[in-house]
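So the structure is just underneath, and the comments pick up after that.
Just so you know, ligand 1 is whichever comes first in the structure, and atom 1 is the first atom listed for that ligand.
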Amino acid sequence: MDYVAEVDFAVVGVGTMGSMALWQLSELAPEGTSILGIEQFGRLHTRGSYSGESRLFRVALKEGGDFIEFAQRARELWLDLNEKSGRDVFLPIGALSIGPSDYQTMMSTQKVIEEFDLDHSYLDSEELRERFPQFEVAKQDIGIYDPQGGGIRPEVAVASATELALDNGAKLWTHTKVLGIDRLADGGAVLRTSRGSVLAHNLILTLGSWAGELIPEAKDVVRVKPIPLTWFMPRTPELFSPENLPIFLYDKPQPDGSSFHIYGAPSIDGYTVKFSTNAFFVDTVDHPDQVPSTVREPALNAFSQRVAEVIPDFFPDVARLSMHHDGFTEDGHAIIDVLPEQSLTMAVGMSGTGMKFAPYFGRLAATLALSKDPSRRPEFFSVATHRP
Ligand SMILES: Cc1cc2nc3c(=O)[nH]c(=O)nc-3n(C[C@H](O)[C@H](O)[C@H](O)COP(=O)(O)OP(=O)(O)OC[C@H]3O[C@@H](n4cnc5c(N)ncnc54)[C@H](O)[C@@H]3O)c2cc1C
């Protein structure tokens, strides 16, 4: 068979995880290893899960357990990426959670802070009003400030990690779709691409919401969830600058017992503030092409009204909206695993939480691919625990 290329490692899908895996692989692999990234769209594009200007990063995560170490390791790598790229990929501006003191999320976060002895400060409602006058706060609300938190600029992250990988000698094919993967009996695979066939001795698959197209183990396991982002315009922009506002999460109990959960980042463009919710879409779709192009007007208006109640400084209408998606697993845990006999590693199903961990998960994928040792990942990331 004629191949247009033969490589030691191919990374298929150079978005968030792919760019990080490519970068980490290019640092960890022995000299002379050939590494090729293959991306169906451009080196940067707006069709995957990483567009939308900002992402939230926290170390004090209510999930606790292994996720605290993942976040701590990721933070070190974010700072490394800042330094090596010379760009502000990660903005170390802290993270603020606001909610009633007896609310489950707030209590779990406090428990994690104590268990892991994490840096923090707690604020009562008076202190919250004084330090963060942007928010309408009730008497029972408290604030948890995580100084290790911050914002991530996702497009800058993908561009920078890819650039470092290329500087280290990796190659990148953009506008090249992998159409099929023929796994070989003795490991590796033939990738049928829109440019011809590639023989890859080792594979890392970081396909995001497209995972089900090429990975049988991910079909019907990684489902595509639409996620909109909205931006509001404040009357007093300086209150919402990164100097005056950390990234934030806000929970407000509703009369029906539910919670109005919103999250956002300070103004990056100087005139709008990202302020969004996961509540618009609960159902998944089969493919990224089926993601709706917008949010229905009544739902958007109701959301805007509620947001304006929480942040009185906002004009009570959405100034900007964009639609996105991510690949979700049922239990919310990613699949990051290696099938050693096939020399095949995958990092998919990031379930709406992948950005904060991305450089560490990229490193984990690179380590799994190089070592072919599945014991280096926690069991809850395994293919076996994600069977349909
Ligand atoms: C709106 C929104 C807000 C979010 N907020 C946060 C947050 O605040 N904090 C946080 O930690 N996480 C957040 N996330 C989650 C995080 O952004 C995602 O988990 C992460 O970006 C997923 O990365 P990925 O590499 O799996 O997918 P992607 O970044 O989409 O990368 C997949 C890549 O594979 C390519 N590809 C697919 N199929 C092929 C093929 N056949 N051939 C070649 N290339 C292919 C795609 O084009 C794409 O570039 C958010 C996600 C969304 C959508």
Task: Test ring-ring contact (aromatic ring centres under 6.0 Å, His included) applied to F232 and F240, Y271, F314, the passing residue - done: F314
Open item on the list: A cation-pi test, strictly: NZ or CZ of K252 under 6.0 Å from the centre of the six-membered ring of F260 and no more than 45 degrees from its axis. Yes or no?
Closed with: no
TODO: Examine R235 relative to F315 and say whether NZ or CZ is less than 6.0 Å from the centre of the six-membered ring and inside a 45° cone about the ring axis.
DONE: yes
TODO: Report the residue from S259, S108, S97 that forms a side chain to side chain donor-acceptor pair (under 3.5 Å) with Y103.
DONE: S259
Counting only heavy atoms, tell me which of [options] gets closest to [atom].
atom: atom 16 (C) of ligand 1; options: M355, K274, M323; result: M355
atom: atom 13 (C) of ligand 1; options: S194, G352, G349; result: G352
atom: atom 30 (O) of ligand 1; options: S49, G15, G52; result: S49

Can you pull out the closest protein heavy atom to [atom]? Residue, atom name and distance to 0.1 Å, please.
atom: atom 44 (N) of ligand 1; result: Q40 N, 3.0 Å
atom: atom 20 (C) of ligand 1; result: T16 OG1, 3.7 Å
atom: atom 35 (C) of ligand 1; result: E39 OE1, 3.3 Å
atom: atom 52 (C) of ligand 1; result: R55 NH2, 3.6 Å

With a 4.0 Å heavy-atom cut-off (strictly under), which part of [X] contacts ligand 1: side chain, backbone, both or neither?
X: I38; answer: backbone
X: I152; answer: neither
X: H45; answer: side chain
X: T206; answer: backbone

Task: Any F135 side-chain heavy atom under 4.5 Å of L245 side chain - done: yes
Task: Beyond-backbone contact of R131 with L123, side-chain heavy atoms, under 4.5 angstrom - done: yes
- [ ] In plain terms, say whether R387 and E330 are close enough for a salt bridge, that is, a side-chain N and a carboxylate O under 4.0 Å apart.
- [x] no
Open item on the list: Ring centres under 6.0 Å, that's the criterion: do F57 and F357 meet it?
Closed with: no
Task: F116 ring center near F67 ring center (under 6.0 Å) - done: no
Taking only heavy atoms of [X] into account, list the atoms of ligand 1 that are under 4.0 Å away from them.
X: M17; result: 25 (O)
X: D326; result: 15 (C), 16 (C), 18 (C), 19 (O), 22 (C)
X: T176; result: 43 (C)
X: H325; result: 53 (C)
X: F41; result: 47 (O)
X: G48; result: 30 (O)
X: L214; result: 41 (N)
X: Y50; result: 29 (O)

- [ ] Search all heavy atoms of A170 against all heavy atoms of L22 and return the closest pair with its distance.
- [x] CB-CG, 4.4 Å
TODO: Determine, using heavy atoms of T353 and all atoms of ligand 1, whether some pair is separated by less than 4.0 Å.
DONE: yes
TODO: Name the orientation class of the two ring planes belonging to W78 and F90 (parallel below 30°, tilted from 30 to 60°, perpendicular beyond 60°).
DONE: parallel
